[in-house]
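In what follows, a structure is listed as structure tokens, so that the remarks can point back to it.
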Amino acid sequence: MTDLVTERMAPPDGQEAPLSPRVAPERVPMLAPAPRGTGSWTTRVTRAPHQRAPLVWLLGATGGAGVSMLAASLAYAGDAQRRWPSLVGYSAALDSPLVVIVTRTHMSGLHAAHNLLLQHASAATPTGVQLVGVVTVADTDRPLSSPVAARRAVVESLAADLDARVWRLGWIEPWRSLTTDDLAIWSPGYRLPEDKQHRRDPSRTPPPPVRELAVELLTAARSATASGRGKPSTRKESI
């Protein structure tokens, strides 16, 4: 079967690509009105001419969220450039509908991520978008303060209410001294090099936390794709 990373199969003839279901309002207690927050693309997401169509879009809650490093490390992921994709579906002419929110673990980043989740929960995001999960990326190698940890818990709880996965990516010291062009890339079928020195070199081998995230995120994305194709949409209009 064709790998979803290299090709997103079109729906059967005569059928439209299914849209993502929305969480029932009662599942998000005391839901606030969707903030204006992040906008959406009016065209397909811009990407480099040589870049394959990503299976998953990484949506940064703020600048410096870690999207560039993750997108450079994961062969199947693309940078949504802080806007929701809008022309989405499973045909080659459309962008993938799968989105993962990425945020740093500081208060402003978590607040922005919370707003993005509220946007999605309130159906204020483009028709067809499927929220796969949220990745919180450590902004320091020190433990979080109590207020920030509590805020992260709120974000993760709302994500869970929206049937989205949650991942925590710890501090990765080697990334401080590398550019996106220097990073090793993880792709399906990746195997660790036998040379131990190469295994310790982040320009040859993605760090263990990144490899673990890569596998789990890809599994979740494939599951969301299969689920999204099999469920009819109740969404009637785009916001």
Side-chain angles (χ1 to χ4, degrees), residues 17-46 54-68 70-71 77-89 94-137 148 150-169 217 220-221 224-225 227-228 231 233-239:
L19 307 179
S20 61
R22 294 296 182 183
V23 65
E26 60 270 18
R27 294 197 60 190
V28 186
M30 301 178 63
L31 184 64
R36 295 179 61 85
T38 296
S40 306
W41 286 87
T42 56
T43 62
R44 293 188 66 183
V45 180
T46 302
L55 175 66
V56 177
W57 291 109
L58 304 179
L59 175 59
T62 62
V67 168
S68 296
L70 283 173
D79 184 352
Q81 300 168 52
R82 297 191 59 195
R83 283 186 281 175
W84 296 95
S86 61
L87 302 181
V88 298
L94 298 171
D95 283 327
S96 169
L98 308 182
V99 174
V100 172
I101 295 171
V102 181
T103 180
R104 288 285 181 180
T105 53
H106 46 55
M107 196 63 83
S108 59
L110 292 169
H111 177 73
H114 190 255
N115 282 349
L116 290 175
L117 290 170
L118 289 177
Q119 276 187 282
H120 189 68
S122 301
T125 51
T127 301
V129 166
Q130 292 177 247
L131 182 64
V132 176
V134 176
V135 178
T136 60
V137 182
V148 174
R151 188 63 172 173
R152 180 174 65 178
V154 171
V155 169
E156 294 177 340
S157 178
L158 179 54
D161 284 338
L162 294 170
D163 293 326
R165 292 283 306 275
V166 174
W167 295 276
R168 294 179 178 180
L169 188 63
L217 200 158
T225 299
S227 175
K231 294 180 180 179
S233 174
T234 57
R235 182 79 174 274
K236 295 184 178 181
E237 61 180 300
S238 178
I239 301 299

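For the numbers below, each heavy atom of this structure counts, side chains included, while hydrogens, waters and symmetry mates do not.
Here NE2 of His106 is found 4.5 Å from OG1 of Thr62. Values are rounded to the nearest 0.5 Å. To the nearest 0.5 angstrom, Thr125 atom OG1 is 10.5 Å from Leu117 atom CG. Note that CD of Gln119 and CG of Leu131 are 11.5 Å apart. Values are rounded to the nearest 0.5 Å. Expressed to the nearest 0.5 Å, how far OG1 of Thr136 lies from CD1 of Ile101 amounts to 12.0 Å. Taken from OG1 in Thr127 to CG in Leu87, the straight-line distance is 11.0 Å, to the nearest 0.5 Å.
Every residue meeting the side chain to side chain contact (heavy atoms under 4.5 Å, CB included) condition with Val166, not counting sequence neighbours, appears here in chain and number order: Glu156, Ala159. Residues satisfying the side-chain hydrogen bond (donor to acceptor under 3.5 Å, both in side chains) criterion with Thr105, sequence neighbours excluded, are Asp139. Thr46 meets the side chain to side chain contact (heavy atoms under 4.5 Å, CB included) test with Trp41, Gln81; sequence neighbours excluded. Shown here are the side chain to side chain contact (heavy atoms under 4.5 Å, CB included) partners of Arg165, two or more places apart in sequence or in another chain: Trp167, Glu216, Ala220. Under the side chain to side chain contact (heavy atoms under 4.5 Å, CB included) criterion, Ala77 pairs with Leu58, Leu74, not counting sequence neighbours.
At least one side-chain heavy atom of Leu118 sits less than 4.5 Å from a side-chain heavy atom of Leu158. Residues Leu169 and Leu70 form a side-chain contact, since some pair of their non-hydrogen atoms from C-beta on lies under 4.5 Å apart.
Under a 3.5 Å cut-off, the side chain of Thr225 and the backbone N or O of Ala221 do form a donor-acceptor pair. Side-chain N or O atoms of Asp79 include none that pairs as donor or acceptor with a backbone N or O of Ala71 at under 3.5 Å.
Closest non-hydrogen pair, Ala80 versus Val45, comes out as CA-CG1, 4.2 Å. The two atoms that bring Leu116 and Ala61 nearest to each other are CD1-CA, 3.8 Å, heavy atoms only. Listed here is the closest heavy atom pair of Pro85 and Trp57: CG-CD1, 3.9 Å. The two residues Leu162 and Ala121 have their closest heavy-atom pair at CD2-CB, 3.5 Å. Taking all atoms of both residues into account, the shortest heavy-atom contact from Gly133 to Ala164 is CA-CB, 3.8 Å. For the residue pair Arg152 and Leu110, the shortest heavy atom distance occurs at N-CD1, 3.8 Å.
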